[in-house]
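A short write-up of the structure that comes next.
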Amino acid sequence: MTPDELQCLVKNLCSLDQETECVEFKCNNENHEEIGEYISALSNSAALHSKEKGFIVWGIDDTTHSVVGTKFLPKKKKIGGPGKNSNQELESWLLNHLEPRIEVRFHEGLVDGLHVVVFEIQPAFSHPVRFKNNAFIRVGTYKKKLNEYPEKERLLWELLKT
C-alpha cells in the first residue's frame, strides 16, 4: 500500500460516524491476545456483513476519530518467553493461533504527520475464524464470543456454506 493509499484509507475509516462491526480504532493497545481476538471478530463480522475486509487502525482516537498517532510498532513486537518459540514476531505468532490462517496485512505510515498502523483483515471464508480455539464476533462495536450469539453463528455458517 502506498503512502497516499494509506492516507486515503485512514481518512475514509475516520469519516465513519462510529466504529462498526468491521472497523476497530486503537491508540496504543498492543496486547497480542486481544489483537488475536479482534482479528477473529473482525474477520467473522466482515463475512457476516458481506464486507471485503475488516480493519484495526492504531493511532486513532475511538471517540473523536482524530488522528493522534501510535507508539505501536507491530513489526518490532516479539512474543514469547523461554523455549523454542521465544521472541516470535507478532505477525507469525498471530497467524499461528488463527484457524483458518487468513490473510492479515500490516501497513504502517504517516497520516497528518503522525504514525498509524492498519491491519487489513480477510473475511472468514470456509468456517468462522478462531483465535486459540475460540471464535469471536462484533456485536455493534463490542467484541464477543461467537458461541454466545447462536443466531449470528448460524447465519455466519449459512453464509460461509454458499
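The hydrophobic clustering, which links ILVMFWY residues whose side-chain heavy atoms are closer than 4.5 Å, places L16 and W58 apart. Residues L146 and I39 do not share a hydrophobic cluster, defined by chaining ILVMFWY side chains whose heavy atoms lie under 4.5 Å apart. V23 and V118 fall within a single hydrophobic cluster, where Ile, Leu, Val, Met, Phe, Trp and Tyr are joined by side-chain heavy atoms under 4.5 Å apart, directly or via other members. Following chains of ILVMFWY side-chain contacts shorter than 4.5 Å, one can reach F106 starting from V129, so the two form part of one hydrophobic cluster. L95 and I121 fall within the same hydrophobic cluster, where Ile, Leu, Val, Met, Phe, Trp and Tyr residues are linked whenever their side-chain heavy atoms come under 4.5 Å apart, directly or through other members.
Nearest approach of V68 to C27, heavy atoms of both residues: CG2-SG, 3.8 Å. What you find for F125 and Q122 is that their closest heavy atoms are CD2-NE2, 3.5 Å. Scanning all heavy atoms of the two residues, the minimum distance from M1 to E5 falls at CA-OE1, 3.4 Å. The shortest non-hydrogen separation linking N44 to F136 is ND2-O, 2.8 Å. Residues P128 and A135 approach most closely at CB-CB, 4.3 Å, considering heavy atoms. Minimum heavy-atom separation, V111 to Q7: CA-OE1, 3.6 Å.
In this structure, L94 CG and E91 CD are separated by 8.0 Å, a value rounded to the nearest 0.5 Å. Distance CZ/F55 to CG/L13: 5.5 Å, rounded to 0.5 Å. To the nearest 0.5 angstrom, I79 atom CD1 is 10.0 Å from H97 atom NE2. In this structure, I137 CD1 and K144 NZ are separated by 12.5 Å, a value rounded to the nearest 0.5 Å. Here CG of N29 is found 9.5 Å from CD1 of I56. Values are rounded to the nearest 0.5 Å. Between atom CG of residue N87 and atom OG of residue S92 there is a gap of 12.0 Å, rounded to the nearest 0.5 Å.
Contact check for H65 versus S15: no side-chain heavy atoms found under the 4.5 Å cut-off.
Note: F119 and F72 have tilted aromatic rings, judged against thresholds of 30 and 60 degrees for the angle between ring planes.
Of the possible polar contacts, none joining the D112 side chain to the L114 backbone as a donor-acceptor pair under 3.5 Å is found. Within the 3.5 Å criterion, the main-chain N or O of K78 finds no donor-acceptor partner in the side chain of W93. Side chain of R138 to backbone of L42: no donor-acceptor contact under 3.5 angstrom is found. H115 contributes a side-chain N or O that, together with a main-chain N or O of T70, makes up a donor-acceptor pair within less than 3.5 Å. For the pair S43 (side chain) and S40 (backbone), a donor-acceptor distance under 3.5 Å is absent. Side chain of H107 to main chain of L6: no donor-acceptor pair is present (N/O by atom type, distance under 3.5 Å, no hydrogens or angles). Under the 3.5 Å distance criterion, the side-chain polar atoms of E19 are matched with a main-chain donor or acceptor of F25.
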- Task: Might you work through the side-chain contact (heavy atoms from CB on, under 4.5 Å) test for I60 and C14, ending with a clear yes or no?
- Result: CA-CA 8 Å; I60 307 300; C14 286; 3.5 Å; yes

- Given the rule in the salt bridge (charged side-chain N to carboxylate O under 4.0 Å, His left out) test, do R154 and E151 qualify, once you have shown the distances and angles that lead to the verdict? CA-CA 5 Å; R154 183 193 63 73; E151 186 56 26; 2.3 Å; yes

- Message: Determine whether V116 and L110 satisfy the following criterion, side-chain contact (heavy atoms from CB on, under 4.5 Å), listing intermediate values before the conclusion.
- Response: CA-CA 6 Å; V116 297; L110 298 178; over 6 Å; no

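Heavy-atom neighbours of N12 CG from other residues, nucleotides or ligands within 6.0 Å: above the threshold of 12. Other residues, nucleotides and ligands place more than 12 heavy atoms under 6.0 Å from the NZ atom of K132.
Sequence neighbours left out, the pairs with a member in residues 42-67 that pass salt bridge (Lys or Arg N to Asp or Glu O under 4.0 Å) are K53-E120.
Using a cut-off of 4.0 Å between Lys/Arg side-chain N and Asp/Glu carboxylate O, E99 and R101 are scored as not salt-bridged. With salt bridges taken as basic N to acidic carboxylate O contacts below 4.0 Å, none links K145 and E148. A salt bridge between E89 and K75 is absent, with no side-chain N of the basic residue lying under 4.0 Å from a carboxylate O of the acidic one.
Of the listed residues (E37, E34, E24, E21), just one forms a salt bridge (charged side-chain N to carboxylate O under 4.0 Å, His left out) with K143, and that residue is E37.
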